[in-house]
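This one's a predicted model, so the numbers in the text were calculated from it and none came from an experiment.
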Amino acid sequence: MAIPQPADPTIKKSVTLRRSVAEEVETRTGPRGFSHFVDQAVEYGLALLKAQEIVEDHESRVAPLTEADLEEARRAWHGG
């Protein structure tokens with residue numbers, strides 16, 4: 001995941017999280033790493049959404065992905 005650079009300014013947002021989730025994140029990151037962890041998690045989630053949009057676009061324009069297509073993607077994803 002990309003670490004925000006000075007050219008990518010940050011903004012403060014208020015979000016609501018379940019207490020158990022917030023406590024686990026803070027236990028793993030410490031209080032100063034919490035925002036960075038959440039930023040990375042959101043960036044990862046956005047990447048997954050974008051990938052899903054690409055698949056849906058392909059399937060609507062071309063054809064549904066076959067099992068062979070999916071297996072090829074899995075091999076590529078795992079470096080094989």
Side-chain angles (χ1 to χ4, degrees):
M1 299 289 152
I3 296 175
Q5 300 300 312
D8 189 7
T10 60
I11 61 170
K12 188 172 181 108
K13 289 289 190 180
S14 175
V15 298
T16 302
L17 301 172
R18 290 172 299 179
R19 181 183 307 273
S20 60
V21 171
E23 288 173 350
E24 185 167 353
V25 170
E26 194 163 272
T27 295
R28 293 172 180 272
T29 65
R32 298 192 51 87
F34 193 94
S35 290
H36 180 70
F37 182 91
V38 172
D39 184 69
Q40 285 187 310
V42 171
E43 187 174 36
Y44 180 76
L46 288 171
L48 291 175
L49 288 172
K50 290 174 187 176
Q52 183 62 41
E53 290 167 357
I54 290 168
V55 169
E56 289 170 357
D57 178 63
H58 171 83
E59 290 185 331
S60 72
R61 289 183 304 101
V62 180
L65 295 173
T66 65
E67 190 56 42
D69 294 330
L70 295 173
E71 185 55 38
E72 182 181 346
R74 285 183 195 105
R75 281 193 308 275
W77 181 261
H78 295 291

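- Shortest non-hydrogen contact noted between Thr29 and Phe34 is OG1-N, 3.5 Å.
- Across every non-hydrogen atom of Asp69 and Pro64, the tightest pair is OD2-O, 4.5 Å.
- Shown here for Glu59 and Leu65, the closest heavy-atom pair between the two residues is OE2-N, 3.0 Å.
- One finds a salt bridge joining Glu67 and Arg74 here, because a Lys/Arg side-chain nitrogen approaches an Asp/Glu carboxylate oxygen to under 4.0 Å.
- Qualifying side chain to side chain contact (heavy atoms under 4.5 Å, CB included) partners for Glu23, counting only residues two or more places apart in sequence or in other chains: Arg19.
- Linking Ile, Leu, Val, Met, Phe, Trp and Tyr residues whenever their side-chain heavy atoms come within less than 4.5 Å places Val42 and Phe37 in a single cluster.
- Rounding to the nearest 0.5 angstrom, the gap separating the CD atom in Glu72 from the OG1 atom in Thr66 is 8.5 Å.
- Note on Leu46: it clusters hydrophobically with Val38, by side-chain heavy-atom contacts below 4.5 Å among ILVMFWY residues.
- Under the 4.5 Å side-chain contact rule for hydrophobic residues, Tyr44 and Leu49 do not share a cluster.
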